[in-house]
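What follows is a single structure, written as structure tokens, with notes after it.
Naming convention: chains lettered A, B, ... in sequence-line order (proteins, then strands); numbering from 1 in each chain. Please read these numbers as outputs of a predicted model, since none were measured by experiment.
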2 protein chains.
Amino acid sequence: MDTRWLDREQLGAWVRLVTVMELLPGVLDSQLRRDAQLTHFDYYVLAMLSESPEHTLRMTAVAQRTGATLARLSHVVQRLEARGLLERFPCADDRRATNARLTEAGWQKVRDSAPGHVETVRQNVIDALAPEQVTQLREITDAILSRLDPDGARAALYTRYDAE
Amino acid sequence: MDTRWLDREQLGAWVRLVTVMELLPGVLDSQLRRDAQLTHFDYYVLAMLSESPEHTLRMTAVAQRTGATLARLSHVVQRLEARGLLERFPCADDRRATNARLTEAGWQKVRDSAPGHVETVRQNVIDALAPEQVTQLREITDAILSRLDPDGARAALYTRYDAE
DNA sequence: TAAAACTAGTTGTAGGTACAACCAACGAGG
DNA sequence: CCTCGTTGGTTGTACCTACAACTAGTTTTA
């Protein structure tokens, strides 16, 4: 079978996307690590909890929202728990399940670190784009996600952020 | 100072971009790991060499093109050299510098693995987009990169892929 | 109602990356 | 020509993630 190579336009877009994927996580990570002693993934976990009722979610729910495997999440949550930012307790309904809940310190941490994080996101991404490009970016990433995540397991999350 | 929070549209785009950044590297990595025993970064290093005259580049040049630190690159190249995919030799002009050159096995590896990689890129990204979206994506990533990489240290790479 | 199959989560370990410390070589100024 | 600052690169270590194996609880089904 012969390969359908990328043309110039496609290659240009692809190489830039790869470059962004290579650089952006590092930028987010170092800002949060420096200012809040959190990785970007740590922050995301705490942020997901902070937006949930009771500041509580089941491990599986957090994993879905963050796109992580349960194994990865388990390690991360263990560290966050050791730092007193959240706590785990068994779920009453399903004794297999574990709930994670933000502690007061964790909630404080989210409130303290959110502004700096948003500012970083603005500086490096949002404010670099014209309003119509933000819309285009949403459509493009949506299309890509329909391939990466066909069954829309994670759709639950980002759909929540759409107009109501 | 009060924070300029993201509006719904911006937040929707951002959350999706984060999700793509979370999922896409894993998809690229596992395909290449499975079919070619390479990480995506390994592949990129080999690909950069394969597009250079003599299949040779200085370490610093590879680092620029891939966006890696010299430290990271040094570890990776060490492993690739141990596997016989490339070789290092001192640079004649500048005795501080080291050149990396693809071996025949490395060149063969690139040719063998490129089709599968391109197919993955198509399936998950390019073919999910309309032609005008590919153009938009190039413009958007370009704008983001102007923030992430203001001095355009890496621009050398992706500019090469533009129309001549 | 017992076995099979699946879901929820944890743990051990191997491998890759970041960070900092380090050494060697070049280059500009005194 | 020597010394200071810079550039090119390597190494050690600590941390994070992926993968696989495992436990325990739940649901299905025969």
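- With sequence neighbours left out, Asp112(B) forms a side-chain contact (heavy atoms from CB on, under 4.5 Å) with Gln108(B).
- In terms of the side-chain contact (heavy atoms from CB on, under 4.5 Å) criterion, residue partners of Asn99(A) (sequence neighbours excluded) are, by chain and number, Thr56(A), Arg58(A), Phe89(A), Cys91(A).
- Residues forming a side-chain contact (heavy atoms from CB on, under 4.5 Å) with His55(A) (at least two apart in sequence, or on another chain): Leu102(A), Trp107(A).
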Do nucleotides 16-22 of chain C as a string where each nucleotide becomes B, S or -: B if the base has a protein heavy atom under 4.0 Å, S if just the sugar-phosphate does, - if no protein is that close. SBBBB--

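- For the atom pair Gln64(B) CD and Leu57(B) CG, the distance stands at 10.5 Å (nearest 0.5 Å).
- With sequence neighbours left out, the salt bridge (Lys or Arg N to Asp or Glu O under 4.0 Å) criterion links Asp127(B) to Arg4(A), Arg122(B).
- Listed by residue number, Arg96(B), Ala97(B), Thr98(B) are the residues of residues 91-102 of chain B with a heavy-atom contact under 4.0 Å to DNA chain D.
- Evaluation of the salt bridge (Lys or Arg N to Asp or Glu O under 4.0 Å) rule for Arg111(A) yields Glu104(A) as partners, not counting sequence neighbours.
- Take Arg101(B) and apply the salt bridge (Lys or Arg N to Asp or Glu O under 4.0 Å) test, not counting sequence neighbours, and it matches Glu87(B).
- Heavy-atom contacts of chain B under 4.0 Å fall on DNA chain D between two terminal nucleotides, which in 5' to 3' order are dT7(D) to dG12(D).
- Contacts of Tyr43(A) classified as ring-ring contact (aromatic ring centres under 6.0 Å, His included), with partners at least two apart in sequence or in another chain: His117(A).
- Residues satisfying the salt bridge (Lys or Arg N to Asp or Glu O under 4.0 Å) test with Arg72(B), not counting sequence neighbours, are Glu22(A).
- For Ala130(B), the side-chain contact (heavy atoms from CB on, under 4.5 Å) partners are Glu132(B), Gln133(B), not counting sequence neighbours.
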